[in-house]
Amino acid sequence: SEERFMQHREAWFPCGAHRMRYLHLPAARVSRLWWWQWRRPRPAVVFVHGLMGYSFSWRHNLSYFACCHDVYAVDLLGVGHSDRPAPREADYGLAASAARLLGFLQSLPESRIDLVATSHGGAVAMLAAASDSRLSVPKIRRMALIAPAHPFMPEGLLEQAMFQNPYGRSLMRGLISYSLQVQGPAMELMYADESRITPETRQGYAVNLDDAGAKRYATEVAMRWGQDKRV
């Protein structure tokens, strides 16, 4: 089979009967107070992708941060190279996704973690951080959120309303089944400058855009968003 993105750095986190894939890049060096030669590890950095992204979305950031930090990048369950159970076999709601992310963070050996998250992953990260803050020994130190989804988003209200009824859901499922027609517009929406979409980028995102399981995941997340906003 074709080699997965950064396969040599991948590991797996168990989520019940399924597995969530993540990448781990150990820190290349440790910061120190040179006059005391005292080694003090920096917080780990964990990257969380958006709706139809995966760890590949952070390919230009991972090595840079790994100069001084332990770096992790997850593929949320249902997308990327993680297992892709059908919606009847896994809960893709915001609360369940946040609980899986928090479980993963709690499994890491580092005691301090900085989260970097975008889009739908930003909403997952915020809810995970809220739960983490209530633990006796919280791990999340701070977050950097890039255009995160959040409960007060005014845009997309019509689409959200459509997903709450069976006719809208059927229409959505039909539209996303045409991967070749959807892939081009979807890629263009991700980039303000289309000329920067390289063949490597198209190939990388095809892991999701050409896969029926990943599309089922995205459809389920979209259809659950109205309900999830009340979490």
Side-chain angles (χ1 to χ4, degrees), residues 11-24 41-55 57-58 61-62 65 69-80 82-85 87 89-157 159-161 163-164 217-231:
W12 305 88
F13 175 70
C15 303
H18 309 291
R19 301 183 306 165
M20 189 168 73
R21 181 214 191 219
Y22 66 93
L23 305 178
H24 177 211
R42 297 186 178 187
V45 179
V46 177
F47 290 89
V48 187
H49 60 81
L51 183 59
M52 285 299 277
Y54 65 113
S55 51
S57 304
W58 305 104
N61 310 104
L62 301 179
F65 279 88
H69 301 263
D70 274 325
V71 168
Y72 300 86
V74 299
D75 292 1
L76 295 175
L77 187 69
V79 75
S82 289
D83 289 348
R84 297 173 179 174
E89 300 173 355
D91 186 350
Y92 292 132
L94 183 59
S97 296
R100 285 191 290 267
L101 177 62
L102 182 58
F104 166 70
L105 298 177
Q106 288 294 320
S107 75
L108 298 180
E110 292 83 5
S111 60
R112 298 188 304 159
I113 293 171
D114 290 344
L115 278 180
V116 182
T118 186
S119 189
H120 173 254
V124 174
M126 283 189 282
L127 189 56
S131 298
D132 177 76
S133 68
R134 295 191 287 268
L135 298 177
S136 57
V137 184
K139 278 197 170 190
I140 299 174
R141 187 183 68 143
R142 59 185 179 181
M143 293 189 295
L145 302 175
I146 301 96
H150 57 85
F152 308 104
M153 295 172 64
E155 64 272 13
L157 295 181
E159 291 82 353
Q160 293 170 24
F163 297 150
Q164 304 311 307
Y217 160 83
T219 304
E220 187 70 14
V221 169
M223 291 191 301
R224 292 281 300 269
W225 181 245
Q227 174 185 340
D228 284 343
K229 289 200 324 179
R230 296 188 290 271
V231 171

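Just so you know, these numbers come straight off a predicted model, no measurement behind them.
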Does any non-hydrogen side-chain atom of [Y] lie less than 4.5 Å from one of [X]?
| X | Y | result |
| --- | --- | --- |
| L108 | V46 | yes |
| L94 | V124 | yes |
| R21 | S55 | yes |

From [X] atom [atom1] to [Y] atom [atom2], the distance as rounded to the nearest 0.5 Å:
| X | Y | atom1 | atom2 | result |
| --- | --- | --- | --- | --- |
| L101 | L127 | CG | CG | 9.5 Å |
| W58 | T118 | CH2 | OG1 | 5.0 Å |
| Y54 | L76 | OH | CG | 13.5 Å |
| N61 | F47 | CG | CZ | 5.0 Å |
| T219 | Y92 | OG1 | OH | 11.5 Å |
| D75 | W12 | CG | CH2 | 8.0 Å |

Which pair of heavy atoms, one from [X] and one from [Y], lies closest together, and at what distance?
| X | Y | value |
| --- | --- | --- |
| G121 | A117 | O-CB, 3.5 Å |
| H49 | V74 | CD2-O, 3.1 Å |
| A123 | A149 | CB-O, 3.4 Å |
| P109 | Y72 | CD-OH, 3.9 Å |
| M143 | A129 | SD-CB, 3.8 Å |
| V137 | Q106 | O-NE2, 4.4 Å |

Enumerate the salt bridge (charged side-chain N to carboxylate O under 4.0 Å, His left out) contacts for residues 125-142, please, sequence neighbours excluded, ordered by first and then second residue.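 Residue pairs passing salt bridge (charged side-chain N to carboxylate O under 4.0 Å, His left out), neighbours aside: D114-R141, D114-R142.
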
Closer than 3.5 angstrom, by distance alone: can the side chain of D83 be matched with the main-chain N or O of R19 as a donor-acceptor pair? yes

Backbone N/O of P43 and side chain of H69: donor-acceptor pair under 3.5 Å: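 Such a contact is found between H69 side chain and P43 backbone.
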
Whether D91 and R224 form a salt bridge (side-chain N of Lys/Arg under 4.0 Å from carboxylate O of Asp/Glu) is what I want to check. yes

I'd like to check the ring pair (Phe, Tyr, Trp, His ring centres under 6.0 Å) partners of Y22; sequence neighbours left out, ordered by chain and number. F104

Output every pair passing ring pair (Phe, Tyr, Trp, His ring centres under 6.0 Å) with a member in residues 107-136, not counting sequence neighbours, ordered by first then second residue.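 Sorted pair list comes back empty.
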
